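Written below as structure tokens is the structure these notes are about.
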Amino acid sequence: MDKTYKPKDIEQKWYQFWKSNDYFSPSGEVGNSYCIMIPPPNVTGTLHMGHAFNNTLMDCLTRYHRMCGYNTLWQPGTDHAGIATQMVVERQLNAENKTRHDLGREKFVDKVWEWKERSGNTIYGQLERMGSSLDWSRERFTMDEGLSEAVKQVFVRLYDEGLIYRGKRLVNWDPKLHTAVSDLEVLSEEENGHMWHMRYPLVDAKMSDGNDYLIVATTRPETMLGDSAVAVHPEDERYKGIIGKKVKLPLTEREILIIADDYVDPEFGSGCVKITPAHDFNDYEVGQRHDLEIINIFTIDAKINDNAPAAYQGLDRYEARKKIVTDLEELGLLAEVKDHKLMVPRGDRSGVVVEPYLTDQWYVKIQPLADPAIKAVKDGDIQFVPENWSKTYFEWMNNIQDWCISRQLWWGHRIPAWYDNEGNIYVAEDEATVRKKYKLDANIELSQDEDVLDTWFSSALWPFSTLGWPEQTPELKTFYPSSVLITGFDIIFFWVARMIMMGLKFMDNVPFEKVYIHGLVRDADGQKMSKSKGNVLDPIDIIDGIDLEKLIKKRTTDLMQPEMASKIEKATRKQYPDGIKAYGTDAMRFSFAAQASTGRDIKFDLNRIEGYRNFCNKLWNATRFVLMNCKDKEIASHIDKQKLTLADRWILCKQQEVIDLTHKHLNNYRFDLVAQALYEFSWHEFCDWYVELCKPTLFKDDVDESIKQNSRRVLLEVLENLLKLLHPIIPFLTEEIWQPIAKELKLAGNSISTQDFPRSNNDYVDVESLEELEWSKEFINGIRKIRSEMEIPPGKPLRILLQNWSIQDQSYFENSQQYIYSLAKVENIEWLKDDAAPESATALVGEMKILIPLAGLIDKDAESARLEKEIKKLESNIEKSLAKLNNPNFSEKAPADVVNKERERVSEMQTSFQQLKEQLDKITKL
RNA sequence: AGGCGCGUAGCUCAGUUGGUUAGAGCGCUACCUUGACAUGGUAGAGGUCAGCAGUUCGAAUCUGCUCGUGCCUACCA
């Protein structure tokens, strides 16, 4: 073995080994099955740190359950991501000065498939580099034939049951992409704008105050061209007299009605609201109530259409706004313009302001689907982890709106609906079935709906469509419902809720029993990572490393806003002046596991990854030590309990604890605690103590050979178990170093990934060994402390005197003297029988005093200062504890064991206090 | 406006049903190349647990308020 751990040399080969040996397929054993469905990544781009995090956790659980003997499936696949993917390919066409219309639908879709092929492969490559143990033989894509069949069936069934309908309604219209988008795809941000107050002249009427106009305000003046009424509150005294009268709509020839509706807040503004049913969701409702005319004034590009006065036709919405404001001003009808902050709705993909727009769209009637989905979580059929996320889920589900599922795109599942020349709608899987189903003659012309379905419609079916539904496959029977869904909180609405609704509807059962919601990976400053901010990282660059120039190039190419490039470059140079070193997959994975606590943000931290890379190196070297001391040496064929050293007993006992902790925390999805427990055990128990304690046993000639052989066995077995415990988090390193260890142990099996996960063994629980070794550690630490604080060279062997010892101390010493001699570099120990002793530095082990004679080694004043400091600390702690105990309320009301514990503590502290005080007196007297 | 969080060492974060001397990693200081490892070892410094009040024998932990901060949802023209 090399002296240092080099991830590059070991990672790649093992993945191919696992894959070619088919270790990732379900075992097929009947009984316990365990299944995780990958949240299918978009084929739009490549995987980012969030995916890396998400997949690390899934792989960790998958490997754990596989090793625990479950029939385990981790289902891989990708999502077609309609709008986003179409946009990427359109952008490429634009670069060649072409549009998708130049190609036509069929050719364009072919192009997208080409993109999907390339991008999908990149994604799968990334997943492999991250060590993901997915069953590749079952890989699926949302637009596969099988999954498309599922989509059609679901659509047809929901339509036939009246749960899908087509309707002309206001939708969120993206004027750039020319498609409707759902509420969830609109992001509203506060932006600076204006509030324009306009005068609408009254027709044949006057206000009580004599004015002959009303004032209405708007943030979107251009919409006034589509006004069909002005509304006031029915109880508003100011306007009671003019309800039913008319105003002249400026800039047009139209006169519109003044209506009363309690939607109007009389306290707000003038108390008058212009009503534009075609371009505002609230106004639309008002329009419905009052049977108002719906006047659409926009084209699909959000330019003014022919319904508006000729002067404005063809103008872009913002040009029209300008012109309207100017024109009103000239007419003296602009009363006031105020700065105003408003929420501006933008398409999450296009970034342009979306418009409420009247179109024909397909909707899912959601309430009948939502009700059982709410119940499933309420009843505990599905549990959120952490539990609190169920509140977010309920919050949304209780206010859910019908779901607009049609998109005016070319890339996606084409809606299985056909129209005849009269516009009648026929819904079935294909045209032939339509004709049969609706008994239509062959001569009736039919044309299929041009639109495709929202991507999330097919994603909602993922948990069962990937398993072969609508066929009743054995896989469906075995793996539905899946065990747990692992995802970020950002898609609870988009995906989680919709999977639950569809699962319940079509499988009559929940799609997963648990939903583990993890945080979102952010950059070191806590900023969300995004291409436009230029702070994204490719997990592969953490694994393999990347130099600064390449990283800058990666971050600044293909930007939506190329003007950001220099800013991004500057920030990148500052944050990664030396680029990124190669840390390897395992260090990255360990870091993700360690950061997966219950919080919402995972701040990405290179230092932390470096720390875990060092941890990997530590394991690597511990293995080196073990192999050096076991290779070509005799090893006991099994652990002989009679021949265990104290250290052996102790580490075996400690290992049982960490095994139990690992199971416990993994079952609670506390990956951070698993990582912490294993880190602590590996480094601070196994390496810092056990390996060091083994050295005297293994190296000293006077130790019985059978004891040595037994200890070697313990070393190997404990390490082997430890590697198995760590394998779900750091699969590559553990496989690499498990192989030679397994060889020494003559284990069956070719891979750690198919070994049984450790279970704790009560035979090795040995509480006495814990106490006894604790005593040794205190002894050793006491000496080390004096050595360090008194500046005694670490290499200098010491003469030690012991005073005030008990039989117990002597018996403990019996078992641990070799450790003390070796780890504390002690040369000679003398058990004093009385108080007489040379002037010395002191450490305590319980009541026993360890004395290190000053004898030219130690400065007297330094030692008394050190003692004084410790005495002072004890004093203050004793004082605190006594105050507690002297409070009658405490001793009466607190549980007995708490009180006893406190008493014991005080008495221990008092003893130490006495001992140290005596020692101090002695030194100062001399 | 409503909902959900967060505020613990210089930084990143743990802290289970209230009972420790409040922990870890990184960073920092000193010493050390000792026969697995300098991607290391040993020892150490560093915290009024945002603030105030309350419940309790006892609060980082429970309650209320204040301040700071983040996210989500819905919005009044």
Side-chain angles (χ1 to χ4, degrees), chain A residues 1 3-5 183-184 188 195 197 216-220 223 231 263-265 267-276 280-283 342-343 388-389 391-392 394-396 399 489-490 492-493 520 524 526 528 581 583 587 594-595 597-608 610-629 664 668 670 672-673 676 679-680 684 687-688 691-692 695 699 781 784-789 791-795 823 825 873-874 876-877 880-881 884 887-895 897-899 901-902 905 909:
Chain A
M1 278 174 87
K3 203 172 163 184
T4 46
Y5 154 72
D183 303 343
L184 290 177
S188 293
M195 178 83 88
H197 296 253
V216 295
T218 181
T219 55
R220 297 186 298 153
T223 61
Y263 153 72
V264 181
D265 176 1
E267 306 293 316
F268 188 88
S270 63
C272 289
V273 187
K274 66 194 256 327
I275 301 295
T276 321
D280 182 283
F281 290 102
N282 288 315
D283 292 6
L342 72 163
M343 295 298 277
N388 226 256
W389 286 110
K391 289 189 186 167
T392 304
F394 289 132
E395 185 65 21
W396 189 64
N399 297 297
F489 56 81
D490 50 334
I492 290 179
F493 308 145
L520 259 35
K528 201 167 167 177
K581 279 186 271 181
Y583 294 104
Q595 289 192 269
S597 60
T598 54
R600 291 183 175 194
D601 297 328
I602 308 297
K603 273 196 206 169
F604 170 74
D605 182 4
L606 265 191
N607 290 327
R608 202 140 172 196
E610 181 160 331
Y612 296 126
R613 192 272 318 265
N614 296 351
F615 172 72
C616 290
N617 184 61
K618 192 76 181 172
L619 285 171
W620 176 268
N621 276 290
T623 305
R624 240 160 61 89
F625 172 83
V626 172
L627 289 173
M628 276 176 186
N629 287 286
K664 180 182 148 195
N668 291 327
R670 286 304 301 270
D672 59 326
L673 299 180
Q676 195 186 43
Y679 185 100
E680 166 74 18
H684 300 305
C687 292
D688 286 352
V691 164
E692 294 306 321
K695 286 176 180 174
F699 296 161
N781 286 337
R784 280 177 174 172
K785 207 167 156 178
I786 292 174
R787 201 189 266 283
S788 175
E789 288 181 17
E791 289 170 356
I792 301 171
L823 271 62
K825 287 249 157 52
K873 206 164 131 195
L874 278 171
S876 103
N877 284 332
K880 269 189 235 164
S881 287
K884 219 177 196 183
N887 182 345
N889 283 323
F890 174 72
S891 32
E892 277 162 30
K893 291 191 185 172
D897 57 322
V898 172
V899 177
K901 213 169 125 195
E902 198 63 34
R905 252 194 74 211
M909 287 191 294

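Quick caveat, the model's predicted, so the values are computed rather than measured. In what follows, every chain begins at residue 1, and chains take the letters A, B, ... in the order their sequences are listed.
- Within 4.0 Å (heavy atoms only), A/Ser597 reaches sugar-phosphate atoms of the nucleic acid but no base atom.
- Under the stacking definition used here (centres under 5.5 Å, planes under 30°), the residue A/Phe890 fails to qualify as stacked on the base of B/rC57.
- If you take atom P in B/rU61 and the same atom in B/rG19, they sit 11 Å apart, rounded to whole Å.
- Regarding A/Glu892, its CD atom lies at a distance of 11 Å from the P atom of B/rC57, rounded to whole Å.
- The listed nucleotides are B/rA36, B/rC32, B/rC57; the one nearest the side chain of A/Lys695 is B/rA36.
- Remark: the A/Glu692 side chain and the B/rA36 base include a donor-acceptor N/O pair separated by less than 3.5 Å.
- At the phosphate of B/rU39, neither OP1 nor OP2 sits under 4.0 Å from any side-chain N or O atom of A/Lys581.
- Nearest nucleotide to the side chain of A/Lys664, out of B/rU16, B/rA77, B/rG19: B/rU16.
- Distance, A/Asp490 CG to B/rU73 C1': 15 Å, rounded to whole Å.
- B/rU16 and B/rG40: their C1' atoms are spaced 34 Å apart (whole Å).
- To the nearest whole angstrom, the two C1' atoms, one in B/rC32 and one in B/rU69, are 45 Å apart.
- Nucleic acid contact class of A/His197 (heavy atoms, under 4.0 Å, all strands): none.
- The pairing partner recorded for B/rC71 is B/rG3, the criterion being a Watson-Crick or G-U wobble arrangement whose two distances lie under 3.5 angstrom.
- Using a 4.0 Å heavy-atom criterion, one finds that A/Ala217 contacts the sugar-phosphate atoms exclusively.
- The listed nucleotides are B/rA77, B/rA36, B/rG19; the one nearest the side chain of A/Phe625 is B/rA36.
- Dashed line: the shortest gap from a side-chain N or O of A/Asn668 to OP1 or OP2 of B/rU16 is not under 4.0 Å.
- One finds a side-chain N or O of A/Lys785 lying less than 4.0 angstrom from the OP1 or OP2 phosphate oxygen of B/rG44.
- The distance from atom CD of A/Glu610 to atom C1' of B/rA38 is 13 Å, rounded to the nearest whole Å.
- Regarding A/Asp897, its CG atom lies at a distance of 18 Å from the P atom of B/rU17, rounded to whole Å.
- Residue A/Asn889 places none of its side-chain N or O atoms closer than 4.0 Å to OP1 or OP2 of B/rU56.
- A perpendicular orientation is assigned to the rings of A/Tyr612 and A/Tyr679, their planes being inclined by more than 60° (bins at 30° and 60°).
- Distance A/Lys391 NZ to B/rC71 P: 21 Å, rounded to the nearest Å.
- A/Pro888 comes within 4.0 angstrom of nothing in the nucleic acid, heavy atoms only.
- Of the side-chain N and O atoms in A/Lys274, none sit less than 4.0 angstrom from OP1 or OP2 of B/rA77.
- At a cut-off of 3.5 angstrom, the base of B/rC37 holds at least one donor-acceptor pair with the side chain of A/Lys618.
- A/Glu791 has its CD atom 8 Å from the C1' atom of B/rA30, to the nearest Å.
- Straight-line distance between the C1' atoms of B/rG41 and B/rA36: roughly 12 Å, to the nearest whole Å.
- Taking atom C1' in both B/rU8 and B/rC49, the straight-line distance is 4 Å, to the nearest Å.
- Taking every side-chain heavy atom of A/Phe268 into account, B/rA77 is the closest of B/rC26, B/rA77, B/rA43.
- Between A/Phe281 and A/Lys528, the residue anchored nearer the 5' end of RNA chain B, judged by the nucleotide with its closest heavy atom, is A/Lys528.
- Base pairing of B/rC49: no nucleotide in any strand meets the Watson-Crick or G-U wobble criterion (both distances under 3.5 Å).
- Nearest-nucleotide positions on RNA chain B place A/Lys884 closer to the 5' end than the other of A/Phe489 and A/Lys884.
- Taking atom NZ on A/Lys603 and atom C1' on B/rC71, their separation rounds to 14 Å, with Å as the unit.
- Residue A/Arg624 places at least one side-chain N or O closer than 4.0 Å to OP1 or OP2 of B/rC37.
- For the pair A/Arg784 CZ and B/rC32 P, the interatomic distance rounds to 17 Å; values are reported in whole Å.
- If you check B/rC26, B/rU73, B/rG19 against the side chain of A/Val898, the one that comes closest is B/rG19.
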